[in-house]
Amino acid sequence: MLPYVVQQGDTLLRIARRFEVNAASLLAANPQISPELQLMPGLLLSIPTGKVTVYCVQPGDTIIRLAGAFSLSIQALAAANPGLDPRQLVTGQLLIVPSGGYHRIVDARAEYGHVELMEDMEMLEREYPILSKSVIGHSVMGKPIYALRMGEGERKVHFNAAMHANEWITTPLLMTFAEDAAQACSLGEMIGGTDMRSLLKEVTVWFVPLVNPDGVELAQEGLRRNHPHYATLLQMNRQSHRFSKWKANVRGVDLNDQFPAFWEEEVERRAANGPGPRDFPGIAPLTEPEAQALANLTKKEQFDLVVALHTQGGEIYWNYRGYEPPESERISYKLAQASGYKSVKLRGSDAGYKDWFIQDYRKPGFTVEVGYGINPLPIESFPDLYDEIRPLLIAAMEAVACDK
């Protein structure tokens with residue numbers, strides 16, 4: 001057993017992922033904890049361990065190469081070696097190598113939020129020169145909102161995710177696709193029959209994987225007493241500390257009701273009493289910094305096509321009040337064929353990002369409701385969801401490339 005002290009932001013699944021153990025083993029070794037309760041920072045846990053190997057760092061070794069050689073996640077290798085600087089391995093340094101079985105930078109086996117995103121973006125940018133990250137704005141609580149750029153083509157595609165807090169599983173879906181696409185481009189490999197290197201010469205993709213970092217933190221970790229908005233959030237959430245169904249940002253505003261596309265009609269339709277877990281459009285369009293960041297990026301880059309990932313329902317919405325261009329319906333059927341989702345002509349919805357993009361730019365915009373079930377979708381469903389969403393994202397890129 002290894003001792004481990006719970007840190008701020010830790011969850012059962014995050015700790016299990018870090019040490020490459022399953023959650024059931026972690027619970028069995030620590031009968032004092034429950035999967036239903038928050039883990040208190042400072043709590044001492046016992047981490048069950050399997051066989052370990054000791055490795056002597058050789059010239060030219062990198063953390064990514066070693067993780068791949070031992071079929072480990074980078075996080076697991078770092079967790080087994082406290083104080084390790086993954087950016088600068090020292091020749092002759094001895095590393096503990098735990099038993100592994102998982103290797104990629106983006107690890108979607110547990111809650112995925114702002115901390116994971118920052119670490120993975122840095123590693124992806126370092127590993128794949130085709131990727132570059134930037135900060136397009138900041139959340140209410142000051143967290144940077146990141147964009148990831150990939151490709152060199154004239155046509156521009158934009159994908160965003162986690163606008164709604166309890167739909168955070170869309171973030172690792174988008175990040176996993178970014179990693180797979182970058183790797184395929186780097187190695188000259190195909191993804192689902194698509195030559196990604198050739199495609200990315202024609203198309204530039206802008207990812208915004210985590211639009212609502214404050215809200216996602218609430219949905220994943222719950223409300224702690226040291227939260228700067230503790231009293232207000234508790235009141236908005238009807239005195240409940242359970243925030244797993246929270247959709248809004250930290251000010252209780254639904255970010256996908258924040259865009260200036262018949263916003264006044266959406267206010268009347270929602271009839272929300274005020275800030276809360278969901279459906280409050282704010283006091284005016286674009287009052288929230290997260291929505292402003294997305295709008296400003298869109299205005300700057302003038303995208304040719306956008307896709308906003310949400311959950312759930314297995315549907316693709318492609319129209320908005322007749323403002324959509326003729327090709328939108330045709331592209332939506334291609335996305336539906338690729339994913340197995342249903343193309344839907346939606347009525348009775350305004351003020352969304354897709355709505356505003358179509359209205360202002362008269363270009364194809366899509367909202368994709370990923371998967372089926374009740375939000376938040378369980379992390380165990382991730383492999384199936386990724387099998388659905390990966391070909392859809394490729395199809396969106398190809399649609400723009402073919403439309404030159």
Side-chain angles (χ1 to χ4, degrees), residues 121 124-125 128-137 145-163 170-171 173-175 177-182 184-186 191 194-211 256 259 261 290-310 316-320 323-332 334-335 338 352-368 389-404:
M121 278 199 165
L124 286 171
E125 189 178 39
Y128 302 111
I130 195 173
L131 291 173
S132 61
K133 71 176 188 298
S134 59
V135 175
I136 63 169
I145 299 172
Y146 287 104
L148 196 60
R149 182 181 184 272
M150 175 174 66
E152 55 188 5
E154 294 182 6
R155 306 288 284 173
K156 296 181 182 180
V157 176
H158 167 60
F159 302 136
N160 66 62
M163 199 174 303
T170 55
T171 297
L173 285 170
L174 208 49
M175 287 295 289
F177 178 73
E179 180 178 0
D180 285 352
C185 185
S186 174
I191 297 183
T194 297
D195 184 340
M196 193 55 63
R197 182 177 289 176
S198 295
L199 184 57
L200 287 171
K201 289 181 180 179
E202 300 182 48
V203 177
T204 297
V205 185
W206 283 85
F207 302 89
V208 179
L210 184 50
V211 177
N256 206 38
F259 293 88
E290 299 92 345
Q292 292 169 15
L294 204 53
N296 289 339
L297 176 69
T298 303
K299 292 173 184 177
K300 177 183 177 183
E301 296 300 330
Q302 300 285 303
F303 301 120
D304 296 292
L305 180 150
V306 303
V307 176
L309 295 184
H310 290 257
I316 302 166
Y317 308 138
W318 54 270
N319 67 299
Y320 184 63
Y323 293 121
E324 68 281 351
E327 65 267 26
S328 292
E329 187 172 12
R330 172 180 54 82
I331 295 172
S332 77
K334 289 186 176 181
L335 303 187
Y353 172 76
K354 175 266 295 179
D355 306 330
W356 167 73
F357 178 79
I358 292 175
Q359 176 185 265
D360 277 25
Y361 296 95
R362 304 298 203 272
K363 295 177 181 179
F366 305 91
T367 296
V368 177
I389 207 65
R390 183 181 68 177
L392 183 150
L393 298 176
I394 294 173
M397 295 168 61
E398 290 177 331
V400 164
C402 294
D403 195 33
K404 293 192 298 183

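In this text, all values refer to a predicted model and were calculated from it rather than measured experimentally.
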Next item on the list: Search all heavy atoms of Leu124 against all heavy atoms of Met175 and return the closest pair with its distance.
Entry: CD1-CE, 3.6 Å
Checklist line | Minimum-distance pair of heavy atoms, taken over all atoms of Val157 and Ala396 | finding: CG2-O, 4.4 Å
Check: Is a side-chain donor-acceptor pair under 3.5 Å present for Thr298 with Tyr361?
Finding: no
Margin query: Which heavy atom of Pro364 sits nearest to which heavy atom of Phe357, and what is that distance?
Written below: O-CE2, 3.3 Å
Margin query: I want to check something: taking the side chain as every heavy atom from C-beta on, are Ile331 and Phe366 in contact at a cut-off of under 4.5 Å?
Written below: yes
Notebook entry, point to check: So do the side chains of Ser134 and Arg149 get within less than 4.5 Å of each other, counting heavy atoms only?
Noted result: no
Notebook entry, point to check: So how far is it from Tyr128 OH to Glu179 CD, rounded to the nearest 0.5 Å?
Noted result: 5.5 Å
Checklist line | Closest heavy-atom pair and its distance - Leu335, Ala395 | finding: CD2-CB, 3.8 Å
Check: Roughly how far, to the nearest 0.5 Å, is CG of Leu297 from CD of Gln292?
Finding: 13.5 Å
Check: Only one of Val135, Val208, Val211 forms a side-chain contact (heavy atoms from CB on, under 4.5 Å) with Ile145, so which one is it?
Finding: Val208
Margin query: Within this structure, what is the CH2-CD1 distance for the pair Trp206 and Ile136, rounded to the nearest 0.5 Å?
Written below: 8.5 Å
Next item on the list: Return the minimal non-hydrogen interatomic distance between Tyr320 and Ala261, and the atom names on each side.
Entry: OH-O, 3.2 Å
Margin query: In the structure I gave you, are the side-chain heavy atoms of Gln359 and Asp355 within less than 4.5 Å of one another anywhere?
Written below: no
Check: Considering residues at least two apart in sequence or located in another chain, which fulfil the side-chain contact (heavy atoms from CB on, under 4.5 Å) criterion with Asp195?
Finding: Met190, Arg197, Ser198
Note to self: Once rounded to the nearest 0.5 Å, what's the spacing between atom CD1 of Ile316 and atom OG1 of Thr367?
What the structure shows: 10.5 Å
Next item on the list: Give the C-alpha distance, both sets of side-chain angles, the deciding distance and a yes or no for side-chain contact (heavy atoms from CB on, under 4.5 Å) between Met397 and Met196.
Entry: CA-CA 10 Å; Met397 295 168 61; Met196 193 55 63; 3.9 Å; yes
Checklist line | Distance in Å, Phe207 CZ paired with Phe159 CZ, rounded so as to fall on 0.5 Å steps | finding: 6.0 Å
Next item on the list: Scan residues 298-310 for pairs that pass salt bridge (Lys or Arg N to Asp or Glu O under 4.0 Å), counting only residues two or more places apart or in two chains.
Entry: Arg155-Asp304, Lys156-Glu301, Asp304-Lys363
Notebook entry, point to check: So do Cys185 and Met150 actually touch side chain to side chain, heavy atoms under 4.5 Å?
Noted result: no
Check: With a 4.5 Å limit on heavy-atom distance, are the side chains of Leu174 and Leu393 in contact?
Finding: yes
Checklist line | Lys201 atom NZ: more than 12 heavy-atom contacts under 6.0 Å | finding: no
Item checked: Geometric class of the Phe303/His158 ring pair [parallel <30°, tilted 30-60°, perpendicular >60°] -> parallel
Next item on the list: Search all heavy atoms of Pro391 against all heavy atoms of Ala338 and return the closest pair with its distance.
Entry: CG-O, 3.4 Å
Check: Quick one: does Glu125's side chain get under 4.5 Å of Ser132's, heavy atoms only?
Finding: yes
Checklist line | CZ-CD1 distance between Phe177 and Ile389, expressed to the nearest 0.5 angstrom | finding: 10.0 Å
Margin query: Is there a side-chain contact between Val205 and Leu200 in this structure, where contact means two heavy atoms from C-beta onward sitting under 4.5 Å apart?
Written below: yes
